[in-house]
Amino acid sequence: YAAPWAMRRAEDKCENCGVEKERLKTRGHPRTNLDVHHIVPLKGSERYFSPYNLPWNLIVLCHDCHVELHASMKIKVEVQIGRISQGVLL
């Protein structure tokens, strides 16, 4: 899995805003404030064997940047669906 490689490449910092890695106090397995995001999303049951599950398709983001990215992706999808339903092709 390429996530540890992506973290080393990012030097334990968010590749968007530069915030540094911090350990979070959680129950169970240890977590940090950094997430590894797939630029091209993985789909299906064989996602771990996908050619997109490689370092070039990963970006390290802090939790806030990761949430903001997914929120912006959702807005774009909703706008596209609205345009299609109005008969406007993208």
Side-chain angles (χ1 to χ4, degrees):
Y1 192 67
W5 184 92
M7 284 288 193
R8 284 191 302 275
R9 179 193 65 210
E11 298 177 347
D12 291 333
K13 295 179 186 174
C14 175
E15 292 183 280
N16 185 53
C17 72
V19 73
E20 294 187 8
K21 180 178 179 179
E22 295 177 14
R23 299 233 179 257
L24 302 178
K25 294 180 181 178
T26 61
R27 295 181 185 153
H29 60 279
R31 292 203 20 99
T32 71
N33 62 324
L34 298 179
D35 301 323
V36 177
H37 173 77
H38 288 90
I39 299 164
V40 176
L42 300 182
K43 296 181 182 179
S45 61
E46 297 183 9
R47 55 187 298 135
Y48 290 106
F49 303 106
S50 169
Y52 297 113
N53 200 20
L54 296 171
W56 63 265
N57 188 39
L58 300 174
I59 185 168
V60 175
L61 299 171
C62 67
H63 181 72
D64 292 340
C65 288
H66 199 190
V67 168
E68 187 175 324
L69 174 67
H70 278 276
S72 69
M73 290 168 58
K74 183 177 180 183
I75 291 168
K76 289 178 185 177
V77 169
E78 290 172 357
V79 169
Q80 290 175 354
I81 290 171
R83 288 183 182 166
I84 291 169
S85 66
Q86 296 173 9
V88 178
L89 298 177
L90 300 176

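For this chain, numbers begin at 1 and follow the sequence in order.
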Non-hydrogen atoms of [X] and [Y] that approach each other most closely:
{"X": "Asn16", "Y": "Cys65", "result": "ND2-SG, 3.2 Å"}
{"X": "Val40", "Y": "Asn57", "result": "N-OD1, 2.6 Å"}
{"X": "Ala3", "Y": "Leu58", "result": "N-CD1, 3.9 Å"}
{"X": "Leu69", "Y": "Leu61", "result": "CD2-CD1, 3.8 Å"}
{"X": "Val60", "Y": "Met7", "result": "CG1-SD, 3.8 Å"}
{"X": "Ala6", "Y": "Val36", "result": "CB-CG1, 4.4 Å"}

Is there a side-chain contact between Glu68 and Ser72 (heavy atoms, below 4.5 Å)? no

Nearest-0.5 Å distance, [atom1] of residue [X] to [atom2] of residue [Y]:
{"X": "Lys13", "Y": "Leu34", "atom1": "NZ", "atom2": "CG", "result": "11.0 Å"}
{"X": "Cys14", "Y": "Asp35", "atom1": "SG", "atom2": "CG", "result": "9.5 Å"}
{"X": "His38", "Y": "Ile59", "atom1": "NE2", "atom2": "CD1", "result": "12.5 Å"}
{"X": "Cys17", "Y": "Asp64", "atom1": "SG", "atom2": "CG", "result": "7.5 Å"}
{"X": "Lys21", "Y": "Glu11", "atom1": "NZ", "atom2": "CD", "result": "12.5 Å"}

Using a 3.5 Å distance criterion without hydrogens, assess whether the side chain of Asp12 forms a donor-acceptor pair with backbone atoms of Glu22. no

